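Written below as structure tokens is the structure these notes are about.
Within every chain, numbering begins at 1; the chains are lettered A, B, ... in the order of the sequence lines, protein sequences first and strands thereafter. All values derive from a computational prediction rather than experimental measurement.
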Number of protein chains: 2
Amino acid sequence: MSLPHAILTALLEKPSSGLELTRRFDKSIGYFWSATHQQIYRELGKLEADGLIRTLPAEQPARGQRKSYEVLPAGRAELARWTAASQEPKPLRDALLLRLRAAAVVGTAGLGDDLRRHLELHERQLAEYQEIEKRDFPPGKDGPQDRLQHLVLRAGIDLETFWTGWLRHALEEFAELPGADPA
Amino acid sequence: MSLPHAILTALLEKPSSGLELTRRFDKSIGYFWSATHQQIYRELGKLEADGLIRTLPAEQPARGQRKSYEVLPAGRAELARWTAASQEPKPLRDALLLRLRAAAVVGTAGLGDDLRRHLELHERQLAEYQEIEKRDFPPGKDGPQDRLQHLVLRAGIDLETFWTGWLRHALEEFAELPGADPA
DNA sequence: ACTCACATGTAACGAGTTACATGATTCC
DNA sequence: GGAATCATGTAACTCGTTACATGTGAGT
């Protein structure tokens, strides 16, 4: 039940059409809640049917024509309710860790390459986040909204820092393993 | 496509019945790939139909009677293939970060309590992992299998360390925020 | 016989993914 | 007017979740 609220947040930040939302989900919000355009259109339909958003007036809704949405008061209320509601953290689910565990049984052949590839990807993501931090959150800027958004970005940076650190450690261990494939 | 491989790994470590698997998923493997008994039974049926596992002989399959499975050579081969195959890391998906972003728009009322609750949960999980580390991976024990399983546990420990650290930081920020709810 | 715990399974639903379809606009 | 692009939308499928159903065996 998070996608509708992700969309409400995005629309409150700025009313948009489906495709614009899709683009924005590819960037900022998508960093921690990704969505495809099919999901977004489906959800926009539901949100409108539920009276939480509406199409901006002065727009005629035809098939191939852009339709922009804005959040209604009921939508803002629902978002506030959801934000404050207590929610269980979802248990971790990571295929790479599963593969490591499987490798303990069927051998590590071929796994090292993918670990290196993942390390590269996480390094790149970390660099991207750090760029954003430098660009969007310079030392002076610290209104309440900035503080909160910076906090979210911090989580991304710390997470990628964790992954790169752990992957480097894992690769060191791999190098020492008897049957491990060499670099 | 990870659940079948999680099951194959578990069955290779030790042939089991559906309910035994469910129990084991609540513990070790479930720490990074959880599954309910319905998922497991459904998947066991598919794996058997695909010829990757079989019920242990000398067991008559009746409705309320336990049925133990073991992995066939084809299953082991499939698991090795999957383990070595290159896979994309799944993008992060975290509702708490989403809620923080939403709070930047609709206000932080009520969120602080849940942050504190999450901090407690992650602290507990971290303590549990550290217990397991002390118990299962004492300094002397370091065969190849131990090294790999220890590596997986390390990931869990480092991840929980990240979360507890970040949540503490977030709560500090919250305390300084103008409209934030007090502790 | 009754109940409870064990063990396996069905059914319905919700969310996410993939592939494809269709209408409008722009540019050559 | 044909092709490419923008924009919205459908359909089918997989995976995970929730609630419930059914059968077995052990204890009292």
Listed by chain and number, what are the salt bridge (charged side-chain N to carboxylate O under 4.0 Å, His left out) partners of B:Glu123, not counting sequence neighbours?
-> B:Arg168

Is A:Lys46 salt-bridged to A:Asp50, cutoff N-O under 4.0 Å?
-> no

Qualifying side-chain hydrogen bond (donor to acceptor under 3.5 Å, both in side chains) pairs, either residue in residues 72-82 of chain B, two or more places apart | B:His5-B:Glu78, B:Glu78-B:Arg81

Interatomic distance, A:Tyr69 OH vs D:dA7 P [rounded to whole Å] | 14 Å

Using whole Å, report how far CD1 of B:Ile7 lies from C1' of D:dC15.
-> 12 Å

Is there a donor-acceptor pair under 3.5 Å between the side chain of B:His118 and the backbone N or O of A:Gln87?
-> yes

Tell me, which of residues 74-99 of chain A have any heavy atom that sits under 4.0 Å from an atom in DNA chain C?
-> none

Could you list by number each residue of residues 26-41 of chain B showing a heavy-atom separation from DNA chain C of less than 4.0 Å, or answer none if no residue does?
-> B:His37, B:Gln38, B:Tyr41

To the nearest angstrom, how far is A:Asp50 atom CG from C:dG14 atom P?
-> 12 Å

Here the gap from A:Leu52 atom CG to A:Tyr69 atom OH, rounded to the nearest 0.5 Å, amounts to 13.0 Å

The salt bridge (charged side-chain N to carboxylate O under 4.0 Å, His left out) partners of B:Arg124 (sequence neighbours excluded) come to B:Glu120

To the nearest 0.5 Å, atom CH2 of B:Trp33 lies from atom CD1 of B:Ile7 at 11.5 Å

Under the side-chain hydrogen bond (donor to acceptor under 3.5 Å, both in side chains) test, which residues partner B:Ser16, sequence neighbours left out?
-> B:Arg24

Of all the heavy-atom pairs spanning B:Glu176 and A:Arg147, show the shortest one and how long it is.
-> OE1-NH2, 2.6 Å

The side chain to side chain contact (heavy atoms under 4.5 Å, CB included) partners of B:Glu131 (sequence neighbours excluded) come to B:Lys134

Considering only heavy atoms, which members of residues 12-24 of chain B lie under 4.0 Å from some atom of DNA chain C?
-> B:Ser17, B:Gly18, B:Leu19, B:Arg23

Closest heavy-atom pair, B:Pro15 versus B:Glu20, reported as atoms and distance to 0.1 Å, is O-OE1, 4.4 Å

What side-chain donor-acceptor pairs closer than 3.5 Å can you find for residues 90-101 of chain B, not counting sequence neighbours?
unit_1: B:Arg93; atom_1: NH2; unit_2: A:Ser34; atom_2: O; d: 2.5
unit_1: B:Asp94; atom_1: OD1; unit_2: B:Leu96; atom_2: N; d: 2.9
unit_1: B:Asp94; atom_1: OD1; unit_2: B:Leu97; atom_2: N; d: 3.1
unit_1: B:Arg99; atom_1: NE; unit_2: A:Thr83; atom_2: O; d: 3.0
unit_1: B:Arg99; atom_1: NH1; unit_2: B:Asp114; atom_2: OD2; d: 2.8
unit_1: B:Arg99; atom_1: NH2; unit_2: A:Thr83; atom_2: O; d: 3.0
unit_1: B:Arg99; atom_1: NH2; unit_2: A:Ala85; atom_2: O; d: 2.6
unit_1: B:Arg99; atom_1: NH2; unit_2: B:Asp114; atom_2: OD2; d: 3.0
unit_1: B:Arg101; atom_1: NE; unit_2: A:Glu13; atom_2: OE2; d: 2.8
unit_1: B:Arg101; atom_1: NH2; unit_2: A:Glu13; atom_2: OE1; d: 3.1
unit_1: B:Arg101; atom_1: NH2; unit_2: A:Ser28; atom_2: OG; d: 3.3

Are any protein N/O atoms closer than 3.5 Å to N/O atoms in nucleotides 12-14 of chain D? If there are, list each pair with its distance.
none

To the nearest 10 degrees, what angle separates the axes at the start and end of the helix from C:dA1-D:dT28 to C:dC28-D:dG1, five pairs each?
-> 10°

Sidechain-backbone polar pair: B:Gln39 side chain, B:Thr36 backbone, donor-acceptor under 3.5 Å = yes

For B:Asp26, which residues count as a salt bridge (charged side-chain N to carboxylate O under 4.0 Å, His left out) partner, sequence neighbours excluded?
-> none

If you take all heavy atoms of B:Leu126 and B:Thr164, which pair is closest and at what distance?
-> CD2-OG1, 4.3 Å

